[in-house]
A.B. asks: 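Shown below is the structure under consideration.
What you see is a predicted model, and the numbers here were worked out from it, not measured in a lab.
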Amino acid sequence: MAYKTILTVISHPGQMAQLEAAAALAASQDAHLDILCLGVDHSQPGYYFPGGAAYGLQEAIDTAMTDAETLQARVRQHMASASDLCWATESAVAQSGSIAGLVGLRARFSDLTVLASPYADGQPGDAETITEAALFEGSCPILVLPKAETPALPPQRVLVAWNQSSEALAAIRRALPLLQAARAVEVTCIDPGSSGPERSDPGGALTQMLTRHGVRAEIAILARTAPTISAEINRRATEIGADLVVMGAYGHSRLRQAILGGATRNMLGQARVPVFMAR
């Protein structure tokens, strides 16, 4: 298993570091990089004067198209020297309410989506929607970058946040190419509890599975001392010098699927190293 199609979505000129990280990962995986340059129409037709909605909407769409084409031109210029990488770019326009469908369709046929953290400084307001769309609408794993820098590729030390959930297991399975390339992987269990499905051996079966895949894995059982699980994961990642965290993603809503759950949102907002998520 390997990542052969990697997607990144650019919706703001300040996301060139995200593009560089996606290109570096695609090169390391011998993968094809798809770059979606997105122009967003934020217009609200209901606020136009009577009879002016059509004119205002057309102007807003024209502006979004110009933004997308400008981004695409900048991306092509940025990628012009990437002669050792297979890549393609396209521009597209979406209204705020249709971003999820557009990004989800592109992500559905990708092996991995690389994005900057939607909560990092300078990120556009649509970044959270794009992240949710890749995860929930596209059912695609995402690599979220907390800093404006290219991460260690492949990661040398990985923390796997294991809580015995199906979401965490899905993330681990889809992160296997990165786990196999790492020098060390820690399966971190925080307050696993004696009544869980793994009872007295939390992480044991998972570590055995990973070892059979050639992953250099070990288990760490930790008592929770931080106020949140995400804070505990971040503390442990810093403690062991991890350069990647792998964990499940969670969504909670009866009205719409693509809303990041509290633990997922906290982790993306507080992460100090890249986070690989899937569900």
Side-chain angles (χ1 to χ4, degrees), residues 1 3 5-9 15 18 21-22 25 29 31 100 103-104 106-120 123 126-147 151-155 157-182 185-190 206 210 215 228-234 236-237 242-253 256-279:
M1 175 183 172
Y3 307 116
T5 302
I6 294 176
L7 171 70
T8 192
V9 182
Q15 294 176 315
Q18 170 186 314
L25 180 59
Q29 294 288 311
V103 173
R106 301 304 190 278
R108 182 178 299 173
F109 301 104
S110 302
D111 298 316
L112 179 66
T113 300
V114 178
L115 300 168
S117 170
Y119 310 113
Q123 287 298 299
D126 303 302
E128 185 175 22
T129 303
I130 291 170
T131 303
E132 292 172 348
L135 267 173
F136 297 101
E137 301 290 337
S139 298
C140 181
I142 61 171
L143 179 64
V144 181
L145 312 172
K147 302 175 183 177
L153 296 171
R157 190 170 188 89
V158 181
L159 184 153
V160 171
W162 178 237
N163 63 356
Q164 307 177 35
S165 69
S166 57
E167 290 87 354
L169 185 57
I172 291 163
R173 290 187 188 280
R174 302 182 85 168
L176 270 176
L178 298 176
L179 298 179
Q180 289 167 329
V185 173
E186 179 180 286
V187 176
T188 304
C189 305
I190 301 171
L206 173 63
L210 291 175
V215 177
T228 63
I229 293 295
S230 56
E232 193 70 50
I233 293 172
N234 274 313
R236 183 60 177 174
D243 43 28
L244 178 69
V245 170
V246 175
M247 63 180 291
Y250 308 91
H252 302 289
S253 176
R256 61 190 278 256
Q257 185 182 30
I259 293 182
L260 295 176
T264 304
R265 182 181 290 107
N266 289 342
M267 188 63 200
L268 293 184
Q270 300 171 12
R272 304 184 184 100
V273 298
V275 180
F276 183 105
M277 284 187 170
R279 68 186 305 276

A.B. asks: If every non-hydrogen atom of D243 is compared with every non-hydrogen atom of P155, which pair is closest and at what distance?
C.D. replies: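 Scanning both residues completely, I find the closest heavy atoms to be OD1-CB, 3.2 Å.
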A.B. asks: As an exercise, state the distance from CG of N163 to CG of L169, rounded to the nearest 0.5 Å.
C.D. replies: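 The distance works out to 10.5 Å.
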A.B. asks: Might you point out which heavy atoms bring A134 and A107 nearest each other, and give the distance in Å?
C.D. replies: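 Between these two residues, the closest heavy atoms are CA-CB, 3.9 Å.
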A.B. asks: Is the backbone N or O of T5 less than 3.5 Å from a side-chain atom of D111, with the two atoms forming a donor-acceptor pair by type?
C.D. replies: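 Yes.
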A.B. asks: Give, for atom CZ of R106 and atom OG1 of T113, the distance between the pair rounded to the nearest 0.5 Å.
C.D. replies: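 With rounding to 0.5 Å, CZ (R106) is 12.0 Å from OG1 (T113).
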A.B. asks: List the atom of P141, the atom of A278, and the distance in Å for their closest heavy-atom pair.
C.D. replies: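 In this case the closest contact between P141 and A278 is CB-CB, 3.9 Å.
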A.B. asks: How close do P177 and Y3 get, heavy atom to heavy atom, and via which atoms?
C.D. replies: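 Distance-wise, the nearest heavy atoms are CD-OH, 3.6 Å.
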A.B. asks: Does any non-hydrogen side-chain atom of T8 lie less than 4.5 Å from one of Q18?
C.D. replies: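 They are in side-chain contact.
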A.B. asks: Within the 4.5 Å heavy-atom criterion, are E167 and M247 side-chain neighbours or not?
C.D. replies: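 No. Closest side-chain heavy atoms not under 4.5 Å.
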A.B. asks: Is any side-chain heavy atom of M277 closer than 4.5 Å to one of V245?
C.D. replies: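 They are not in contact (no side-chain heavy atoms under 4.5 Å apart), so the answer is no.
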A.B. asks: Is there a donor-acceptor pair closer than 3.5 Å between any side-chain N or O of S117 and the backbone N or O of V144?
C.D. replies: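 Checking the backbone N and O of V144 against the side chain of S117, no donor-acceptor pair under 3.5 Å is found.
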A.B. asks: Measure the spacing between CD of E232 and CD1 of I190 and express it to the nearest 0.5 Å.
C.D. replies: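 The CD1 atom of I190 is 5.0 Å from CD of E232, to the nearest 0.5 Å.
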A.B. asks: About how many Å separate SG of C140 and CZ of R108, when rounded to the nearest 0.5 Å?
C.D. replies: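 Reported value, rounded in 0.5 Å steps: 11.5 Å.
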A.B. asks: Looking at every non-hydrogen atom in both residues, tell me the closest pair between P146 and A271 and how far apart they are.
C.D. replies: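 For P146 and A271, the tightest heavy-atom pair comes out as CB-O, 3.3 Å.
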A.B. asks: How many angstroms lie between CZ in R173 and CG in L206, if you round to the nearest 0.5 Å?
C.D. replies: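 It comes to 9.0 Å.
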A.B. asks: Between L176 and V215, is there a side-chain heavy-atom distance shorter than 4.5 Å?
C.D. replies: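 The answer is yes; the side chains approach within 4.5 Å.
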A.B. asks: Are side-chain heavy atoms of L244 and F276 found at a separation under 4.5 Å?
C.D. replies: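 A side-chain contact exists here, since the closest heavy-atom pair is under 4.5 Å.
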A.B. asks: With side chain to side chain contact (heavy atoms under 4.5 Å, CB included) as the test, would you mind laying out the steps for E137 and E132 before giving the verdict?
C.D. replies: CA-CA 7 Å; E137 301 290 337; E132 292 172 348; over 6 Å; no
A.B. asks: Any side-chain heavy atom of L159 within less than 4.5 Å of one from V273?
C.D. replies: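 The answer is no, as the side chains (C-beta and beyond) never meet within the 4.5 Å cut-off.
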A.B. asks: Going by heavy atoms in the side chains, are I172 and L210 under 4.5 Å from each other?
C.D. replies: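 With C-beta onward as the side chain, the pair touches.
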A.B. asks: Can you name the one residue among I130, V114, D126 that meets side chain to side chain contact (heavy atoms under 4.5 Å, CB included) with V9?
C.D. replies: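 Of the listed options, the one satisfying the test is I130.
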A.B. asks: In Å and rounded to the nearest 0.5 Å, what is the CG to CG distance from L25 to L112?
C.D. replies: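 If I round to the nearest 0.5 Å, the distance is 6.0 Å.
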A.B. asks: If you take all heavy atoms of N266 and S230, which pair is closest and at what distance?
C.D. replies: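 Minimum heavy-atom contact is CB-OG, 3.4 Å.
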A.B. asks: Is the closest side-chain donor-acceptor distance between Q270 and Y119 under 3.5 Å?
C.D. replies: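 Checked: Q270/Y119 side chains show no N/O donor-acceptor pair below 3.5 Å.
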